[in-house]
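Working notes, structure below.
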Amino acid sequence: MKPFQIYNSLTRAVEEFVPLKPGVVTFYSCGPTVYLPQHLGNMRAYVFVDTLKRALRFNGYDVRHVMNITDVGHMTSDADAGEDKIEKTARAQGKSPREVADFYIAQFKRDCAALNIELPPDAPAGDNPTPPQSALCRATDNIDAMIAVTLRIIANGFGYVTPSGVYFDVEKWRGPGGAGRLARQSLAEQHAGQRLEHSPDKKSPHDFALWVLNQPNHLMQWESPWGRGYPGWHIECSAMSMKYLGETLDLHSGGLDHIPVHHENEIAQSESATGHPFARYFVHNAFLVGMEGAKISKSAGRFPVLDDLIAEGINPLAFRVLCLGAKYRSELAFSLDSVRAAQKTLDYLDEFCRNARRAENEGNQNLELSESEDEIDEAVVRDVPWAGEYLERFELELNNDLNTPRALAIALEAVGEAYRRRDFGAVNLLFLFDTVLGLDLKTRLEESSGDQRVFGLLKLERLQKERERARLERNFKRADELRVEINREADELGYELRDTPGGQSILTPKRRRS
RNA sequence: GGCGGCGUACCCAAGUGGUUAAGGGAGAGGUCUGCAAAACCUCCAUGCAUCGGUUCGAAUCCGAUCGCCGCCUCCA
């Protein structure tokens with residue numbers, strides 16, 4: 001297999017991915033700030049992270065993934081002024097900051113589950129994890145680690161303490177007017193034509209807060225060597241990545257918007273503290289655009305969220321298909337139409353899986369839907385002699401800077417070929433592809449395979465039998481009447497009646513029509 | 001002002017120097033079917049914002065023009 005290639009923002013080039021330790025990838029990705037529901041643009045970023053993880057696993061890597069949850073320190077404006085985003089929501093809702101964070105964390109986890117995004121396990125309690133390990137970690141649970149990093153930065157001469165806070169000395173780090181490594185903008189360029197309001201304690205307007213002091217209005221405060229206060233926004237990523245994954249990361253991801261400030265500052269903090277390179281590869285996803293104009297129920301005046309799609313009768317995984325249909329580095333135009341088109345693609349794949357299951361049940365073909373993930377590979381090689389070409393192309397595109405649109409296209413082509421050949425053994429090939437695509441095809445097939453049970457659930461068995469008899473007797477008028485009757489009941493559960501070539505009537509999940 | 005990106009069919013979107021410009025949706029026709037659905041087949045950009053240039057050859061490189069957008073201040 002060709003090695004995995006990925007675009008590295010540090011070099012602005014597609015590079016072969018080589019982790020520090022063979023076979024293991026340490027991956028840190030910037031997670032949500034939990035003061036609002038995550039909108040679809042946010043979720044695109046997490047679909048990207050999840051797809052990248054799956055692709056790395058497909059390449060045989062053991063991925064240690066850490067994602068942060070920002071529940072303190074993310075300001076509505078300049079880092080040393082402004083209001084904490086979580087506290088702002090807390091005041092508005094009459095809740096404590098912790099309650100606000102808990103609420104939106106739960107919602108975030110729920111949305112990720114709906115999109116089949118696998119999150120790392122919650123960070124274990126206690127201070128001394130055996131790194132590297134996967135973790136979903138909250139900033140407020142890691143204040144000690146942030147203080148420790150800040151102490152190292154000060155000890156190395158890159159941080160200074162003032163009455164209003166501890167600041168990072170950007171000019172000392174970069175040199176006068178030095179250009180940032182990611183943004184490639186000098187300090188002078190960055191703020192040309194700008195007048196930043198800043199604390200008079202700062203040596204330079206570019207300096208940013210590591211720890212903020214003397215802000216009595218803030219709800220969340222902790223004791224520190226410098227007095228009561230709270231951490232700056234950027235420091236959490238430096239502290240937690242180091243704590244769980246070590247001082248040099250293989251991969252660090254985030255949105256494009258993080259390049260000029262957040263990641264630039266993370267690099268400065270981490271490298272000034274440790275003296276080691278912070279991350280070997282930075283990857284950044286582009287935005288989902290057009291959401292403002294998207295005509296989605298209830299979403300007027302704000303960015304649409306996953307619940308808005310669900311309210312439209314769209315499967316969350318259709319949104320995942322939409323994301324896979326564009327490269328992660330390209331802007332993706334969102335609209336109800338584009339996500340509905342994606343839903344059709346998802347329906348097509350589901351339908352193929354159901355047809356395969358039916359073929360298996362009817363014994364039309366010597367076919368076994370593989371049971372475990374380990375069996376899939378074997379089953380594909382054993383049962384589908386023509387699959388090799390597709391598998392090879394799929395891997396090639398996947399490893400070409402995560403070209404998911406092509407990879408998805410290949411999966412769809414393979415399904416078309418399977419239909420033409422009437423070879424449903426290819427369902428195992430599709431399941432194999434799905435370990436990367438993440439559409440949960442296998443699980444959902446199993447869930448929906450109780451078609452016959454739905455008749456029982458709705459007490460429609462008698463009607464079903466009657467209709468099958470009517471069809472057999474070619475009493476089509478009666479059959480059509482019964483279909484209407486059955487569909488009326490089934491519709492509530494999202495099912496509809498369909499006839500198979502074998503003569504049976506079945507209930508299947510309803511297809512949406514646009 | 002600075003940095004960066006984008007403009008490919010009705011819609012979403014790959015492709016970034018070389019056979020017939022992926023794939024999906026929508027649309028048209030057909031096969032199959034009692035009907036419906038599903039599935040399959042065929043068609044659907046002689047052209048990739050515009051105009052120049054480089055080249056044997058460009059959607060792909062260079063220049064100009066037009067249009068859209070992001071960032072530099074919180075943002076995935």
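Worth saying up front: this structure is predicted, and the values here are computed from it rather than measured. Chain A is the first sequence line, chain B the second, and so forth, proteins listed ahead of strands; every chain is numbered from 1.
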Euclidean distance, atom CG of residue A:Asp480 to atom P of B:rA37 [Å, nearest integer]: 12 Å
A:Asp347 vs A:Lys344, salt bridge (Lys or Arg N to Asp or Glu O under 4.0 Å): CA-CA, chis, key distance, verdict: CA-CA 5 Å; A:Asp347 288 343; A:Lys344 297 269 187 172; over 6 Å; no
Whole-Å gap separating P (B:rA14) and CG (A:Leu402): 12 Å
Interatomic distance, A:Asp347 CG vs B:rA39 P [rounded to whole Å]: 9 Å
Atom-pair distance (CZ on A:Phe334; P on B:rA76), nearest Å: 18 Å
Under-4.0 Å side-chain N/O to phosphate OP1/OP2 contact, A:Asn355 with B:rA39: no
Base-pairing assignment for B:rU42 (Watson-Crick or G-U wobble, both under 3.5 Å): B:rA28
Flag for A:Asp111-A:Tyr46: side-chain donor and acceptor within less than 3.5 Å: no
Sugar-phosphate, base or nothing in reach of A:Tyr419, heavy atoms under 4.0 Å: sugar-phosphate
Touch class at under 4.0 angstrom, heavy-atom based, for A:Glu413 against every strand present: sugar-phosphate
Any strand: nucleotide that pairs with B:rC35 via Watson-Crick or wobble, under 3.5 Å: none
Side-chain donor/acceptor contact of A:Arg406 with base of B:rG23 under 3.5 Å: no
Euclidean distance, atom CG of residue A:Asp257 to atom C1' of B:rC3 [Å, nearest integer]: 15 Å
Assigned partner base of B:rU55, Watson-Crick or wobble definition, under 3.5 Å: none
Partner nucleotide, any strand, of B:rU50 [Watson-Crick/G-U, under 3.5 Å]: B:rA64
Any A:Tyr348 side-chain N or O less than 4.0 Å from OP1/OP2 of B:rC40: yes
Touch class at under 4.0 angstrom, heavy-atom based, for A:His262 against every strand present: nothing
Heavy-atom pair with the smallest gap, counting every atom of A:Leu219 and A:Pro97: CD1-CG, 3.8 Å
Check: A:Val484 and A:Glu481 side chains under 4.5 Å, non-hydrogen atoms: no
Nearest listed nucleotide, side chain of A:Lys327, among B:rC12, B:rG15, B:rA76: B:rG15
First encountered from the 5' end of RNA chain B, between A:Tyr328 and A:Arg44: A:Tyr328
For atom CZ of A:Arg329 and atom C1' of B:rG15, their distance in whole Å: 13 Å
Touch class at under 4.0 angstrom, heavy-atom based, for A:Leu332 against every strand present: sugar-phosphate
Pairing nucleotide - B:rG70, Watson-Crick or G-U, each distance under 3.5 Å: B:rC3
Gap in Å between the two P atoms, one belonging to B:rU42 and one to B:rC71, rounded: 45 Å
Mutual orientation of the aromatic rings belonging to A:Phe282 and A:Phe278 [parallel < 30°, tilted 30-60°, perpendicular > 60°]: tilted
Step-by-step ring-ring contact (aromatic ring centres under 6.0 Å, His included) determination, A:Phe424 to A:Phe352: CA-CA 8 Å; A:Phe424 288 106; A:Phe352 177 74; 5.6 Å; yes
Pairwise 5' ranking along RNA chain B for A:Tyr46 and A:Thr345, keeping only the more 5' one: A:Thr345
Sugar-phosphate only, base, or nothing, as touched by A:Gly41 at under 4.0 Å among non-hydrogen atoms: base
Side-chain N,O (A:Lys344) to OP1/OP2 (B:rA26) below 4.0 Å: yes
Among B:rG24, B:rC12, B:rG34, the one nearest A:Leu412 by side-chain distance: B:rG24
A:Ser330 side-chain N/O to B:rA14 phosphate OP1/OP2 under 4.0 Å: yes
Member of A:His263, A:Gln269, A:His262, A:Glu266 meeting the side chain to side chain donor-acceptor pair (under 3.5 Å) criterion with A:His234: A:His262
For B:rA13, the Watson-Crick or wobble partner whose two distances fall under 3.5 Å: none
Watson-Crick or G-U wobble mate for B:rU19, both contacts under 3.5 Å: none
Under-3.5 Å donor-acceptor pair between A:Arg420 side chain and B:rC41 base: no
B:rG63 versus B:rU54 - spacing of their C1' atoms, nearest Å: 11 Å
